[in-house]
Amino acid sequence: MKRIVYEAENSLEGRERNRGAVHGMVHTLRDFGDTRFLVLRLPKTMLQCVLPAELSLPEDFCDGAAVRVYGDMRAEERAPGGRELLVSRIEVVSAPSEPMPVPIHKYKMGLSPETELDLRPITLRTARSRAMFRLQEGIVRGFRDALYQEGFTEIHTPKLSMGSAEGGANMFKLPYFGKKAVLAQSPQLYKQMMVGAFERVFEVGPVFRAEKHNTPRHLNEYTSLDFEMGFIESFEDIMAMEEKVLAYIFRLLESEYAAELNALKVQLPDISGGIPSIRFDEAKRLVSEKYSREIRDPFDLEPEEETLISRAVYEETGCELAFVTHYPSKKRPFYAMDDPADSRYTLSFDLLMRGMEITTGGQRIHDYSMQVAKMEKKGLDSQEFEDYLMIHKYGMPPHGGLGLGLERLLMRLVGEKNVRMCALFPRDVSRLRP
Ligand code: AMO
């Protein structure tokens, strides 16, 4: 059975062999009087099935039923995927107990985002959601494949820990057998530790941020795509690696996710000419002058500034992505390497895409005394970091890495306004279900 479904999805070759059954979920039945089309939800595509006038449907057949359909597969260029199944028999494998509460067969259901999220177990079945999360798969797959090719090792680090990696107030705290634990804000310290073991590592995993504000760009749990690499000459090596990885991801989406890109009308960004970069202080000045905007926070970028920097870079270069480099030391965590030329700034960067930050990265401190001194300067007790400091004490190469927000990248790719829609089951201040 599995094999036939796979063939039904992937080709029409050996059509004769495709005489048999396909199983799937009833997405909808379109009844035009003389012709009836059953749209079946297969693992990755929809299959159009033509029901002959004389075929009677089983009594318990309805939207949402799990069915087995028998018939002949044939080419039909007007059908999705260029093929359709001429049905001779339908069996209901299992029938739902209630009618579908919302019209999931419609591309746009017209629901409020809240209702759509409340009903996520079924609204994720729409063609639109399926296309979005197939693209999400493609991004992660591309990230993994590209890094395997570059000699990286995939790692899995703990999400329960004792201390903070990124600082700030956005940590979830929880009791842990009489002690206090926190949920990981990022795999930062562990991925650096693993550079000592494997030189090049990456991780795809959940991270937790107790952001108290509901914004369209923040989740309380998101998926972080992280890598970390040793023996770098400069933080620009990290940017070059990110560019390579993104180019790989976009190529993979183009070649293997064309149907999903088409369904969502996604235009992939063109980074074939390289991603331009601009220093943080220059970027601040540029948008302030170009758009007559007062600089309110000299140490960080406001969301509107990110949008304007992106716009200005796009107007100048035609590229929808832009690296902003040399963020102020004041706003970067203790592990960030200061610029030896001017220690007010760090050897770090953010990547903006279509007006929003999708990545943070940079070079880290590898020298023990430099790291202890920076912790003290930031008012941290280096004793609390003795596990982490083992790597500095016992030898580390110059290294750096980055963290890329999966939902943010998907959001910028598909043009979704709210990051919640780019997480299967988003977590925000007021949402812990479904
Ligand atoms: P940072 O905290 O900037 O850096 O996070 C990296 C990237 O993660 C995404 N992101 C978020 N996405 C959704 N909801 C949130 N609340 C949220 N917060 C962050 C963004 C961001 O660019 N350890 C460093 C990375 C590194 O230097 O390797 C870090 O975590 O896309």
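For this chain, numbers begin at 1 and follow the sequence in order. Just so you know, ligand 1 is whichever comes first in the structure, and atom 1 is the first atom listed for that ligand.
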Dump the intermediate steps for ring pair (Phe, Tyr, Trp, His ring centres under 6.0 Å) on Tyr335 and Tyr388, then the final yes or no.
CA-CA 10 Å; Tyr335 53 76; Tyr388 172 62; 7.6 Å; no
Quick one: ring pair (Phe, Tyr, Trp, His ring centres under 6.0 Å) partners of Phe323, sequence neighbours excluded?
Phe349
Which of these, Asp300, Asp339, Asp350, sits in a salt bridge (Lys or Arg N to Asp or Glu O under 4.0 Å) with Arg332?
Asp350
Would you please name every residue forming a side chain to side chain donor-acceptor pair (under 3.5 Å) with Thr346, sequence neighbours left out?
Ser348
Quick one: side-chain contact (heavy atoms from CB on, under 4.5 Å) partners of Pro206, sequence neighbours excluded?
Lys159, Phe208, Glu221
Using a 6.0 Å distance limit plus a 45 degree cone around the ring axis, check whether Arg279 lies over the aromatic ring of Tyr345.
yes
Which protein residues have a heavy atom under 4.0 Å from ligand 1?
Glu166, Ser186, Gln188, Lys191, Arg209, Glu211, Arg217, His218, Leu219, Tyr222, Tyr335, Glu357, Ile358, Thr359, Thr360, Gly361, Arg364, Gly401, Leu402, Gly403, Gly405, Arg408
